[in-house]
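A short write-up of the structure that comes next.
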Amino acid sequence: MKNSSSYFQNRDCEFFPCHKTGEGEYFNCLFCFCPLYTLGDKCGGNFVYTDKGIKDCSNCTLPHSKKGYEYINERFPELSELAKQKRT
């Protein structure tokens, strides 16, 4: 797949691939930092909380998967609402 508005891959990144996806050559770097992180335990990804209470997404491949783009876009209304609540 070529780079597009829904897919981007940066093989020159020093961290590429940052997660093992099991999807062969497919690895989407578009959401290098997952926008769903802020949803905490409601993000839908494979995460754990460390002993210090920090969300660890090391085992989450959701934003890099073939359906990750669509899933994240479906969740943007929740992110927008959260942003409205946090507005000062």
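The figures that follow rest on heavy atoms only: side chains count, while hydrogens, waters and symmetry mates do not.
- Between Cys60 and Gly45 the shortest heavy-atom distance is SG-CA, 3.7 Å.
- Here the OH-SG distance, from Tyr71 to Cys43, works out to 6.5 Å after rounding to the nearest 0.5 Å.
- Between Thr38 and Leu79, some side-chain heavy-atom pair lies under the 4.5 Å cut-off.
- Note on Phe16: it does not cluster hydrophobically with Tyr7, by side-chain heavy-atom contacts below 4.5 Å among ILVMFWY residues.
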Dump the intermediate steps for salt bridge (Lys or Arg N to Asp or Glu O under 4.0 Å) on Glu25 and Arg11, then the final yes or no. CA-CA 11 Å; Glu25 291 290 312; Arg11 289 184 172 267; 2.4 Å; yes

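- Counting heavy atoms from C-beta outward, Ile72 and Pro35 have side chains that approach closer than 4.5 Å.
- Across all their heavy atoms, Tyr69 and Ser5 have their closest contact at CE1-O, 3.5 Å.
- Pairing each heavy atom of Leu36 with each of Lys55, the nearest pair is O-NZ, 3.9 Å.
- Classified by interplanar angle (parallel below 30°, tilted 30° to 60°, perpendicular above 60°), the ring pair Phe27/His64 is parallel.
- Leu62 places none of its side-chain heavy atoms less than 4.5 Å from the side chain of Asn46.
- In terms of modelled atom types and a separation under 3.5 Å, the side chain of Thr61 and the main chain of Ser65 share no donor-acceptor contact.
- Note: Phe47 and Tyr49 have perpendicular aromatic rings, judged against thresholds of 30 and 60 degrees for the angle between ring planes.
- Salt bridge Glu78/Arg75: present, at least one basic N to carboxylate O contact under 4.0 Å.
- Across every non-hydrogen atom of Asn28 and Leu30, the tightest pair is OD1-N, 2.9 Å.
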